[in-house]
Colleague: 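Would you mind keeping the following structure in view while I ask a few things?
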2 protein chains.
Amino acid sequence: MSETAWEIEKAAHILKLLGDKTRLTIVAILKQRECCVCELLEVFNMSQPSVSQHLRKLKDAGLIKEERRGQWIYYSLHPQNKEYDLMEAILQHIPDQTENIRRIEETNPTLRCGC
Amino acid sequence: MSETAWEIEKAAHILKLLGDKTRLTIVAILKQRECCVCELLEVFNMSQPSVSQHLRKLKDAGLIKEERRGQWIYYSLHPQNKEYDLMEAILQHIPDQTENIRRIEETNPTLRCGC
DNA sequence: GCTTTATATAAGTATATGCTTATATGATTA
DNA sequence: TAATCATATAAGCATATACTTATATAAAGC
């Protein structure tokens, strides 16, 4: 396969991943604030495994990274990635997520440990 | 639904549409040159109805427009559309399609009429 | 070490998607 | 007006996707 065809393939894969409302919202939130799964759960009306599966796909594509801190696994964007530029360009056209982040911080699911 | 949620929904829909290798290549080609279906058929290894169905989806989303000229229906990008900015930003990260266009012009499927 | 909390993985399922072939529509030409 | 060419639509089908519930793993606290 030609280099061009391969680049199109990779870009299409990124676009397909971000072409899901939940995943698009996740990366838009992570652009403003790293989050663990239980925090993202406050935003979405779905089960924990479902959110974890979306995070897995984004991680497999290299768009986000994870970092375990004690009990929690924190997710954030992964700017070193080669496909990051495309995602960044897209995110500039996605509305601000301050409202969702406010909801996370009001509920504060990680309150118990005080961190 | 909030305005933000609706905007995310619309953006996700555009990204899902462009998250297909065939459709992404189509809009990348159309950015450089308007084409009719029989021209695009030279590029893709699939049936005519399949290409038509991809074009239909892009048209329904307002990303491309069609213009009948005699027997042929020419497709091109539709910059007046509200979602065009997002697509434009994406297309800046997609490789040049001159090679595919060369293939179209070599074969020249609309040769018969001389236009 | 047992329980709880956070998260991941597995398995199942309904729906969406992208292709195919067959057929319809619409313009051109003989 | 019959035949041809370009394109669209319909129907069918195999695979992909996004969820669910059930279960596994891994860290923290008693």
Side-chain angles (χ1 to χ4, degrees), chain A residues 8-9 12-27 30 34-61 64-76 104 107-115, chain B residues 8-9 12-27 30 34-61 64-76 104 107-115:
Chain A
I8 287 265
E9 194 112 4
H13 180 229
I14 301 302
L15 295 172
K16 180 177 284 181
L17 278 176
L18 299 182
D20 173 271
K21 190 185 153 189
T22 303
R23 285 192 294 266
L24 186 58
T25 306
I26 287 176
V27 294
L30 295 185
E34 65 169 12
C35 288
C36 59
V37 177
C38 65
E39 288 175 329
L40 292 171
L41 263 176
E42 298 296 329
V43 175
F44 303 105
N45 197 17
M46 62 180 55
S47 67
Q48 170 266 314
S50 196
V51 172
S52 280
Q53 282 155 9
H54 283 302
L55 289 166
R56 181 83 207 286
K57 290 185 180 186
L58 292 169
K59 197 188 68 169
D60 285 350
I64 65 175
K65 56 185 165 64
E66 65 179 39
E67 180 195 336
R68 181 178 278 275
R69 292 213 287 278
Q71 224 167 345
W72 294 273
I73 299 176
Y74 281 87
Y75 288 90
S76 55
I104 290 173
T107 324
N108 200 355
T110 60
L111 185 64
R112 297 167 201 82
C113 77
C115 60
Chain B
I8 287 264
E9 194 112 3
H13 180 229
I14 301 304
L15 294 172
K16 179 176 283 179
L17 278 175
L18 299 182
D20 174 271
K21 190 184 154 187
T22 303
R23 285 191 296 265
L24 186 59
T25 306
I26 287 176
V27 294
L30 295 185
E34 64 169 13
C35 288
C36 59
V37 176
C38 65
E39 288 175 330
L40 292 172
L41 262 175
E42 298 296 329
V43 176
F44 303 105
N45 197 16
M46 63 179 57
S47 67
Q48 171 265 316
S50 196
V51 173
S52 281
Q53 282 154 9
H54 283 302
L55 289 166
R56 183 81 208 285
K57 289 183 183 188
L58 292 168
K59 197 187 70 168
D60 285 350
I64 65 175
K65 56 185 164 63
E66 65 178 41
E67 180 194 335
R68 181 178 278 275
R69 291 214 285 279
Q71 223 167 346
W72 295 273
I73 298 177
Y74 282 89
Y75 288 90
S76 55
I104 289 172
T107 324
N108 200 354
T110 61
L111 184 64
R112 298 167 200 81
C113 76
C115 60

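To find a chain, count down the sequence lines: A is the first, B the second, and so on, and within it residues start at 1.
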Colleague: Taking B:Arg69 for its side chain and B:Gln71 for its backbone only, find out whether a donor-acceptor pair lies under 3.5 Å.
Modeller: no
Colleague: Identify all pairs in which a protein N or O lies below 3.5 Å from an N or O of nucleotides 19-22 of chain D, and state each distance.
Modeller:
unit_1, atom_1, unit_2, atom_2, d
D:dC19, OP2, A:His54, NE2, 2.1
D:dC19, O5', A:Ser50, OG, 3.1
D:dT20, OP2, A:Ser47, N, 3.0
D:dT20, OP2, A:Ser47, OG, 2.6
D:dT20, O4, A:Gln53, NE2, 3.3

Colleague: In whole angstrom, what separates A:Asp60's CG from C:dA8's P?
Modeller: 12 Å
Colleague: Which heavy atom in B:Lys16 sits nearest to a heavy atom in A:Gly19, and how many Å separate them?
Modeller: CE-O, 3.3 Å
Colleague: Whole angstroms only, please: what is the CD1-P distance between A:Ile104 and C:dA6?
Modeller: 15 Å
Colleague: Mind calculating the distance between CD (B:Glu67) and P (C:dA27) to the nearest angstrom?
Modeller: 14 Å
Colleague: Compare side-chain N and O positions of A:Arg56 against OP1 and OP2 of C:dA8 and report whether any pair is under 4.0 Å apart.
Modeller: no
Colleague: Scan the side chains in residues 36-49 of chain A for donor-acceptor partners under 3.5 Å anywhere in the protein, sequence neighbours excluded, and list what turns up.
Modeller:
unit_1, atom_1, unit_2, atom_2, d
A:Glu39, OE1, A:Arg33, NH1, 3.2
A:Glu39, OE1, A:Cys36, N, 3.0
A:Glu39, OE2, A:Arg33, NH1, 3.3
A:Ser47, OG, A:Ser50, N, 3.4
A:Gln48, NE2, A:Ser52, OG, 3.1

Colleague: Run the side-chain contact (heavy atoms from CB on, under 4.5 Å) check on B:Leu17 and B:His13 step by step: do they pass?
Modeller: CA-CA 6 Å; B:Leu17 278 175; B:His13 180 229; 4.0 Å; yes
Colleague: With a non-hydrogen cut-off below 4.0 angstrom, is A:Lys16 in contact with a base, only sugar-phosphate, or nothing?
Modeller: sugar-phosphate
Colleague: Please report the distance, rounded to the nearest Å, between CG in A:Leu58 and P in D:dT17.
Modeller: 13 Å
Colleague: Please report the closest heavy-atom contact between A:Ile8 and B:Leu24, naming both atoms and the distance.
Modeller: O-CD2, 3.8 Å
Colleague: Map A:Gly19 and A:Gly70 onto DNA chain D by nearest heavy atom, then report which one ends up closer to the 5' terminus.
Modeller: A:Gly19
Colleague: Of the non-hydrogen atoms in A:Cys35 and A:Leu30, which two are nearest, and what is the gap between them?
Modeller: N-CD2, 3.7 Å
Colleague: From C-beta outward on A:Arg68, which listed nucleotide comes closest to its side chain: D:dA27, D:dA8, C:dT7?
Modeller: D:dA27
Colleague: Look at A:Lys57 and D:dA18 and indicate whether a side-chain polar atom (N or O) is within less than 4.0 Å of OP1 or OP2.
Modeller: yes
Colleague: Whole angstrom is fine here: how far is it from CG in A:Leu24 over to P in D:dA18?
Modeller: 13 Å
Colleague: Separation of B:Arg69 atom CZ from D:dA6 atom P, in whole Å?
Modeller: 15 Å
Colleague: Could you tell me whether the side chain of B:Gln71 has a donor or acceptor atom within less than 3.5 Å of a complementary atom in the base of C:dT28?
Modeller: no
Colleague: Rounded to whole angstroms, how far apart are NE2 on B:His13 and C1' on D:dT17?
Modeller: 16 Å
Colleague: Could you check B:Lys65 against B:Glu67 for salt bridge (charged side-chain N to carboxylate O under 4.0 Å, His left out), going step by step and ending with a plain yes or no?
Modeller: CA-CA 7 Å; B:Lys65 56 185 164 63; B:Glu67 180 194 335; 5.7 Å; no
Colleague: Can you check the A:Leu55 CG to C:dT7 C1' distance for me, whole Å?
Modeller: 10 Å
Colleague: Quick one: label B:Lys21 by what it contacts on the DNA or RNA (base, sugar-phosphate, nothing), any heavy atom closer than 4.0 Å.
Modeller: nothing
